[in-house]
Amino acid sequence: MFKQMLSHFVKAQSRQFSPCLVKSQKPDYFNSIYPVESYTGILNIQLKSYDFTVLERFSSFVHRISENIGVDVLDVWATPSKAIDVVTFQKNSHIQQDKYHLKEYERNVQIDSIPASLLSVLMEVIHTSLPESVKLSIHSHEHQYDEIRFVPDLELKALRQELDEITSAKNK
Amino acid sequence: MALPRTCINLSRLTSTSDKICMRLSSFASTQTAKEKWDLLSAVCLERKPVIARNLLPIEKEVLSMAQKMEYRLSLKSDHEIQLEKDRQRQERIKQGDADDSDMDQASLNSAQDFEDASVEELSKFPFADRITEADKEKDQKSLDRMLDRHLLLVVRQKLGTSSVWILPQGQRQEGETMRQAAERVLAESFDGKVQSRFLGNAPCGFYKYKYPKHIREQDGNSIGAKVFFFKAHVTSDSPLKKGSCIEDFAWLGRDELDSYLPEKYRKSVTEFLIDED
């Protein structure tokens with residue numbers, strides 16, 4: 001009798017929750033009644049600019065609104081700046097007219113597991129509030145972005161190369 | 001002693017199943033009313049501001065204060081140090097304390113010359129106009145208008161018997177996701193590819209409306225339509241060419257939406273548009 005009641009209960013449940021009842025109203029990829037939220041992985045919000053006072057203020061603004069929205073902010077860091085030299089020439093000659101030294105600064109804000117719907121809102125807000133001269137890029141975190149932050153240890157590299165040469169010579 | 005225990009268990013099971021059955025039956029009763037709604041996707045395509053807005057008086061004051069503080073807290077730049085050295089050298093030459101190195105240095109391009117040349121170059125630089133040709137002509141099909149504000153794409157579509165100004169919308173077809181439907185609607189509304197970037201798969205807004213009574217009463221027809229809005233940014237400024245699905249289109253600023261969109265529809269739409277005060 002217990003088994004009968006259980007099977008009746010299970011049948012009733014499956015009848016009511018079967019997709020055939022809701023097919024005419026919801027698209028067929030809705031196979032559960034409850035909304036399914038998808039979360040993104042680790043994202044980097046990368047801000048680049050030639051003007052670092054504006055850049056620093058804006059990166060702190062981005063950090064602040066991400067935290068206020070309720071997003072998990074993992075890390076905020078500055079990548080070493082790039083020095084860019086621009087040379088202008090006089091018309092139809094290779095005589096230098098002007099030389100400009102520019103520095104492109106970079107700030108990164110790293111966020112983790114943000115619901116996809118909230119991400120579109122955050123992207124819209126950051127894009128709209130971008131100040132002049134700041135470039136925005138939002139991408140998934142990759143190993144290369146970590147590597148750029150560190151100064152390569154040339155001594156260690158040279159020693160490693162020596163070791164490789166010795167072992168290969170031995171193997172021969 | 002086993003029998004009473006199983007009886008208790010069963011009673012607990014039936015009581016919970018009753019509760020669930022009650023909840024399920026209430027769910028079932030709304031479904032069996034057979035209200036059929038059409039699912040529509042609409043596109044909220046915006047051209048983001050190209051230039052920054054003019055500052056309010058209070059913003060100008062705050063900016064000047066921030067710049068003063070920044071100047072006070074900062075260290076001297078290379079250029080400023082060079083200027084100081086040059087001035088000190090000039091002083092020494094005047095007073096006759098100069099030595100050989102000073103005389104050599106004095107002949108090179110001084111920092112002051114560099115500064116003067118830079119200032120002259122800046123004064124000669126032609127800044128572009130904030131108010132463009134399209135602004136003056138009030139050309140609503142152009143993307144060059146109102147460079148410091150958002151422009152929203154609004155189209156005139158035929159819904160039933162009347163034409164209304166709305167965001168481009170269309171019904172979802174079999175085997176499509178809602179976002180794919182939105183992308184299709186945009187592609188069909190215009191000739192040629194519209195360079196756009198959709199912001200994610202989740203809709204940003206919702207609007208629901210019922211069809212007129214004579215359509216609703218007919219068998220097999222839906223009661224009305226539920227419109228889900230998807231946000232997109234337009235990424236190129238090449239002008240759009242009207243397709244066959246729409247009668248007309250316009251790029252409107254926030255103030256102009258009042259006179260184009262229907263009242264209730266505009267209220268739903270402005271819910272998800274970024275504030276421009």
Side-chain angles (χ1 to χ4, degrees), chain A residues 1-18 20-30 33 35-38 40 51-54 56-57 88 97-101 114-134 136 138, chain B residues 6-7 9-11 13-14 16-18 20-21 23-25 27-28 31-32 34-39 46 48-49 51-52 66-67 69-71 73-74 78 117-118 121 150 172-178 180-181 197-204 222 226 230-233 272-276:
Chain A
M1 194 187 156
F2 175 87
K3 268 191 185 173
Q4 266 183 349
M5 297 238 50
L6 192 62
S7 62
H8 174 75
F9 168 64
V10 169
K11 267 191 204 158
Q13 199 179 27
S14 61
R15 238 206 321 270
Q16 299 300 337
F17 280 92
S18 73
C20 62
L21 244 173
V22 295
K23 204 184 203 175
S24 58
Q25 302 181 44
K26 288 187 187 170
D28 4 286
Y29 57 86
F30 269 56
I33 302 264
V36 176
E37 187 76 81
S38 64
T40 53
D51 183 357
F52 79 91
T53 46
V54 168
E56 284 191 328
R57 278 298 173 99
T88 52
Q97 190 178 18
D98 288 311
K99 205 174 187 186
Y100 302 93
H101 303 288
I114 176 174
S117 46
L118 193 60
L119 177 63
S120 3
V121 171
L122 185 66
M123 285 207 295
E124 173 92 15
V125 167
I126 295 175
H127 188 133
T128 311
S129 54
L130 267 185
E132 304 99 314
S133 88
V134 179
L136 168 72
I138 303 179
Chain B
T6 49
C7 286
N9 286 343
L10 281 173
S11 67
L13 187 69
T14 48
T16 51
S17 71
D18 274 341
I20 292 172
C21 279
R23 248 188 282 142
L24 289 175
S25 60
F27 173 87
Q31 297 301 313
T32 51
K34 286 196 181 154
E35 281 191 358
K36 192 162 154 268
W37 292 82
D38 283 334
L39 290 176
E46 280 196 298
K48 286 282 175 187
I51 55 179
Q67 281 174 337
M69 280 174 64
E70 180 67 39
Y71 183 75
L73 294 171
S74 66
D78 288 341
S118 306
E121 195 185 326
H150 289 83
R172 177 199 152 255
Q173 286 165 1
E174 278 302 310
E176 263 188 339
T177 62
M178 294 300 281
Q180 282 169 357
R197 187 196 302 126
F198 274 78
L199 293 181
N201 293 330
C204 59
S222 327
K226 292 186 175 175
F230 287 85
K231 258 201 184 166
H233 294 163
F272 58 78
L273 294 178
I274 283 233
D275 270 339
E276 264 194 3

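We name chains A, B, ... by the order of the sequence lines, and we start the count at 1 in each one. Please read these numbers as outputs of a predicted model, since none were measured by experiment.
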S.K.: Only pairs of heavy atoms separated by less than 4.5 Å count here; which of Lys226(B), Glu46(B), Glu121(B) has the most with chain A?
M.R.: Glu121(B)

S.K.: If I take atom OG from residue Ser120(A) and atom CZ from residue Phe272(B), how far apart are they, to the nearest 0.5 angstrom?
M.R.: 12.5 Å

S.K.: So, taking the atom named CD1 in Ile274(B) and the one named OG in Ser129(A), what distance separates them when rounded to the nearest 0.5 Å?
M.R.: 7.5 Å

S.K.: Check whether Thr53(A) gets within reach of chain B through its side chain, its backbone, both or neither, counting any heavy atom under 4.5 Å.
M.R.: side chain

S.K.: How long is the span from the CZ atom in Arg57(A) to the CD atom in Glu70(B), to the nearest 0.5 Å?
M.R.: 7.5 Å

S.K.: Please determine whether the number of non-hydrogen atoms from other residues, nucleotides or ligands lying under 6.0 Å from atom CD of Glu132(A) exceeds 12.
M.R.: no

S.K.: Which value, rounded to the nearest 0.5 Å, describes the distance between Leu122(A) atom CG and Leu199(B) atom CG?
M.R.: 11.0 Å

S.K.: Is Lys48(B) paired with Glu124(A) through a side-chain N to carboxylate O contact shorter than 4.0 Å?
M.R.: yes

